[in-house]
Amino acid sequence: MIKVLHVSSECYPAAKAGGMGDVVGAVPIYLPKQGVEASVIIPKYGLPWFKSQKYQKVKDGGIHIGGLSLNYTVQKVKNNNLGYPLYVIDMPGLFDRPSIYLDTNGEGYHDEPVRNIAFQTIVCEWLLEQNVYDIVHCHDHMTGMIPFFLKYGTRYKPISDIPTMFTIHNGMYHGSFPWDIGMLLPKFDFAHRGILDWDGRLNSLATAIKCADKVNTVSPNYMEEIMQTPDSFRYLYMSEGHKCMGILNGVDTNLWNPKTDKYLDNKMEGDNLTGFKATNKKSLLSTYKLKSRRPLIGFIGRMAHQKGADLLAKAIEENLEVSKSFCAIILGSGDSYVENELSLLAEKYPGYVHTIIAYNESIARSLYAGCDYMIMPSRFEPCGLNQLFSYRYGTIPIASPVGGLVDTVIDIDNKKGTGILLNEVSQSGISEAISRSCELYQKKTKFNRLRRHIIDLDYSWDQSASIYASIYRQLLKL
Ligand code: ADP
């Protein structure tokens, strides 16, 4: 068995802020079938999940970072239900906070660089002591310096030949800091400092792209898009293109299963999709006091520019002004301006729009189960998981024609259609797609046939896990 360590700042069910948490918590379950034994290491946050677990200490030590001496322990979570070994790094004061990334004002932690560099340094210390992993697989910029530390870190020479893979879950976040932060880094071969630099700043994403042995995005189309996006990173992707690829995300089909989903009061019985959808929709309509006999459109996501929630607010209003032919439930948090817009929309259209400003897994599951449609008006989307989760619950995606959404949603104008694709990412594009969804809802036979079709689509992790495994073998020249 090949032994791989996944290094991440998120891993479901321990810590999840978005799709990366889903992915890191799922891939290791599917890798053993492919001859790969995968473990995961994350920081130990002050989240409820961590308080409910038992731990076994596997290492303690200290690091010096920017004049500070910090003690840590690496602990193994004693939980056989996860399906893979999960290690956490405990560093009181730095990681044990009630949120993964944000302070009480909803801003990124002011000491983000210290947290990220401390985490990555400790991972390298642990790798040095263990020296049992064949591959180190890092996720997003928070772990992007590890390939550099391993290759050029003075202390890590004995493990400098461990191959590294780097997965980009979102290429918009770079982990870019002024060069003063460089003094926090563990000692490295100064001749290679240029690798850390992008546009005169330390850049974790650029460092990983330059230094990792393989780099992938979470869908093939997103990789193509970033290679064509006219910004300075495009040249970086092009020059490192020989080691870059897109590997589509999948779904943990045990966790996202309408028949067994532990979050749902009304699970699917046998193949009774119609009954499942009707019961869950009824429950949503009564909980949120929404009108019946209309299509119910859900939105789940970060209220960030990327997700297009600002455009969605305007498009919903535009449609409701013309005809009150649908209802919408919006779940998300993020940009306070957008949160406000969507809350005001709900106040303006009671009975038609309900907005929930929160991050809540249980409500999210009830929306996947009970909505007729799930809307994703993203401006860009590295893969998008909501559309794949929606398929599992017979919920039809309405999605932008970008990134991984193009790889996974086929417009209903085609014979094998699986959802509605916006003709463009704009208020009018969303508005038109909503109108199309209302028309489709009236054509009951077509609507029901589509639901039946999408619930049987296979986006399980098996296929992508086998691609990851074959890349690991390539890296090890097996
Ligand atoms: P992201 O860019 O945020 O990672 P993805 O589509 O890849 O987007 O994954 C989003 C994941 O986060 C899905 O599991 C989705 O259900 C979940 N999610 C997003 N916002 C919320 C929320 N407010 N409450 C609960 N789950 C959420």
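Counting starts at 1 for both ligands and their atoms, following the listed order. No hydrogens, no waters, no symmetry mates; every other heavy atom, side chains included, goes into these values.
Side chain of R379 to backbone of Q306: no donor-acceptor contact under 3.5 angstrom is found.
Remark: the D140 side chain and the H169 side chain contain no N/O donor-acceptor pair separated by less than 3.5 Å.
Near ligand 1, heavy-atom contacts under 4.0 Å come from K16, G18, G19, D22, I300, G301, R302, Q306, K307, L331, G332, A358, Y359, N360, E361, A364, Y368, G384, L385, N386, F389.
Salt-bridge check for E318 with K314: failed, with every basic side-chain N at 4.0 Å or more from each acidic carboxylate O. At a threshold of 4.0 Å, the pair D213-K243 does not count as salt-bridged, since none of the basic side-chain nitrogens sits closer than that to a carboxylate oxygen.
Aromatic ring pairs are classed by plane angle as parallel below 30°, tilted from 30° to 60° and perpendicular above 60°; the pair F119 and F95 is perpendicular.
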Check residues 331-346 and write down every donor-acceptor pair under 3.5 Å in which the side-chain atom is one partner and the other belongs to a residue at least two apart or another chain.
unit_1, atom_1, unit_2, atom_2, d
D335, OD1, Y337, N, 2.9
E339, OE2, G334, N, 2.8
S343, OG, E339, O, 2.8

